[in-house]
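Being a predicted model, the structure only gives us computed values, none of them experimental.
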Amino acid sequence: MASQGKEAASSSKEAAPTNPRGIPYAPFVDKVEDYVTSREEVEGTLRQFQEMISKYQFMELNLQRRVAGLEDKMPDIQKTLETVRFLKTRTEESDPIDTTFELNDTLYAKASIPPTDEVYLWLGANVMLSYPIDEAETLLEQKLSAAKQSLSNCEEDLDFLREQITTMEVAIARVYNWDVVQKRKDKTVEEKGKEGGNAKEG
């Protein structure tokens, strides 16, 4: 019977519900007795719950960094896409554009840009590739769309994680309060036992 119980517990752990990105839901502690059967189990249960909070907080920190990265990157993609769309509107009869472009944070150079049907895009890791303007526009639209979707997912996951952390904090408070009540009960039983013993002696 005990082994069947363990198997059921392990299978329920495997099938633990998660959000769409695989982050597990925190257990909702309605009845403390479902998690703790004696005061000896309190410390281990509290430690386990605290570890879960730490894991959620670690995921939250990583997601916050990812959000910051996406928010930093998206305006660059948008600006590049707008530039490509502008270049696309220019015909062979159009005059060259005199402009300045950024070489690095503090260094700019002048350039004269004739009408063109190809552009060079940075792909990251110091890699730049030439693309026909139509392909460049499609690629940048896909990158911007993917970044927006990723940002939306991250923000959704951050809200989800905050909910799970709150749920775990409530669970810890309930187990702690249950332990306090049990201590009082034990103390009362102990005192009654002493009183009963004293009465017999008298």
Side-chain angles (χ1 to χ4, degrees), residues 13-28 48-171:
K13 277 182 187 173
E14 284 165 23
T18 65
N19 84 337
R21 258 77 56 198
I23 303 171
Y25 278 85
F28 179 73
Q48 184 188 349
F49 285 176
Q50 193 57 56
E51 280 172 11
M52 287 180 76
I53 287 180
S54 296
K55 285 175 184 174
Y56 283 133
Q57 287 170 334
F58 178 72
M59 285 187 264
E60 184 183 27
L61 189 64
N62 284 338
L63 279 170
Q64 284 167 344
R65 285 183 188 143
R66 196 163 172 210
V67 164
L70 286 165
E71 286 175 342
D72 196 42
K73 188 168 69 172
M74 279 167 59
D76 287 341
I77 300 172
Q78 182 68 53
K79 196 161 64 173
T80 306
L81 178 57
E82 285 165 7
T83 304
V84 167
R85 283 173 177 163
F86 170 71
L87 291 173
K88 192 179 173 182
T89 63
R90 297 178 55 72
T91 63
E92 287 181 18
E93 292 77 37
S94 302
D95 293 329
I97 306 164
D98 291 327
T99 186
T100 56
F101 64 96
E102 190 178 3
L103 293 173
N104 68 23
D105 290 343
T106 55
L107 185 62
Y108 290 80
K110 285 188 175 180
S112 180
I113 305 171
T116 180
D117 58 2
E118 72 171 2
V119 292
Y120 287 80
L121 298 179
W122 284 109
L123 300 181
N126 292 327
V127 175
M128 181 182 264
L129 278 183
S130 165
Y131 286 90
I133 280 195
D134 287 340
E135 279 185 34
E137 184 182 20
T138 303
L139 176 69
L140 289 164
E141 282 171 347
Q142 287 170 348
K143 283 185 85 164
L144 187 60
S145 175
K148 283 178 179 175
Q149 184 59 55
S150 188
L151 181 63
S152 173
N153 289 346
C154 285
E155 286 170 344
E156 193 180 295
D157 287 347
L158 280 169
D159 287 341
F160 177 79
L161 283 167
R162 289 182 194 116
E163 284 174 17
Q164 304 322 300
I165 289 168
T166 301
T167 301
M168 290 312 306
E169 285 170 345
V170 169

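- In this structure, the separation between CG on Asp117 and CD on Glu92 is 8.0 Å, given to the nearest 0.5 Å.
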Given side-chain contact (heavy atoms from CB on, under 4.5 Å), test Met168 with Tyr56 step by step and report yes or no.
-> CA-CA 10 Å; Met168 290 312 306; Tyr56 283 133; 4.0 Å; yes
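- Closest of all the heavy-atom pairs between Ile53 and Glu169 is CD1-CG, 3.8 Å.
- Ion pairing between Asp159 and Arg162 holds under the 4.0 Å rule for side-chain N and carboxylate O.
- Between Thr18 and Pro24, the closest heavy-atom pair is CG2-CA, 3.9 Å.
- For the pair Ser94 and Pro115, the tightest heavy-atom approach, listed with the atom from each and the gap, is O-CG, 3.3 Å.
- The pair Arg66-Glu155 fails the salt-bridge criterion, with no side-chain N (NZ, NE, NH1 or NH2) lying under 4.0 Å from an Asp/Glu carboxylate O.
- The number of heavy atoms from other shown groups lying within 6.0 Å of CG (Asn126) does not exceed 12.
- Between Asn153 atom CG and Asp157 atom CG the span is 6.5 Å, to the nearest 0.5 Å.
- Separation of atoms CG (Leu144) and CG (Leu139) is listed at 11.0 Å; rounding is to 0.5 Å.
- Proximity of a side-chain donor or acceptor of Thr80 to a complementary backbone N or O of Asp76 within less than 3.5 Å is detected.
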Take Lys73 and Lys143 through the side-chain contact (heavy atoms from CB on, under 4.5 Å) test and state the conclusion after the steps.
-> CA-CA 10 Å; Lys73 188 168 69 172; Lys143 283 185 85 164; over 6 Å; no
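- For the pair Thr99 and Tyr108, the minimum side-chain heavy-atom distance is 4.5 Å or more.
- Of the possible polar contacts, one joining the Thr83 side chain to the Lys79 backbone as a donor-acceptor pair under 3.5 Å is found.
- Distance OG1/Thr138 to CG/Leu81: 9.5 Å, rounded to 0.5 Å.
- Considering only heavy atoms from C-beta on, Glu71 comes within 4.5 Å of Leu151 through its side chain.
- Pairing each heavy atom of Asp134 with each of Lys88, the nearest pair is OD1-CE, 3.0 Å.
- By the 6.0 Å contact criterion, CD on Glu102 is enclosed, its count of non-hydrogen atoms from other residues, nucleotides or ligands being greater than 12.
- The closest side-chain heavy-atom distance from Asp98 to Ser112 is below 4.5 Å.
- Pro27 and Thr167 get closest at one heavy-atom pair: O-CG2, 3.7 Å.
- Atom CD of Glu118 and atom CG of Leu87 lie 11.5 Å apart (nearest 0.5 Å).
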Steps toward ring-ring contact (aromatic ring centres under 6.0 Å, His included) verdict (Phe160, Tyr25) | CA-CA 9 Å; Phe160 177 79; Tyr25 278 85; 4.8 Å; yes
Should Tyr131 and Leu123 be marked as a side-chain contact (heavy atoms from CB on, under 4.5 Å) after you check the CA-CA gap, both sets of side-chain angles, and the distance that decides it?
-> CA-CA 11 Å; Tyr131 286 90; Leu123 300 181; 3.8 Å; yes
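- Of the candidates Met59, Glu163, Glu60, Glu60 is the only one forming a side chain to side chain contact (heavy atoms under 4.5 Å, CB included) with Leu158.
- Contact check for Met74 versus Gln78: no side-chain heavy atoms found under the 4.5 Å cut-off.
- Considering only heavy atoms from C-beta on, Cys154 stays 4.5 Å or farther from Gln64 through its side chain.
- Gln164 and Ala26 make their closest contact through OE1-N, 2.8 Å (heavy atoms, listed as atom of the first residue, atom of the second, distance).
- For the residue pair Glu93 / Thr91, a side-chain donor-acceptor distance below 3.5 Å is found, with atom types taken as modelled.
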Step by step, would you call Leu121 with Leu129 a side-chain contact (heavy atoms from CB on, under 4.5 Å)?
-> CA-CA 6 Å; Leu121 298 179; Leu129 278 183; over 6 Å; no
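- Interatomic distance, CG of Leu107 versus CZ of Phe101, reported as 9.0 Å (0.5 Å rounding).
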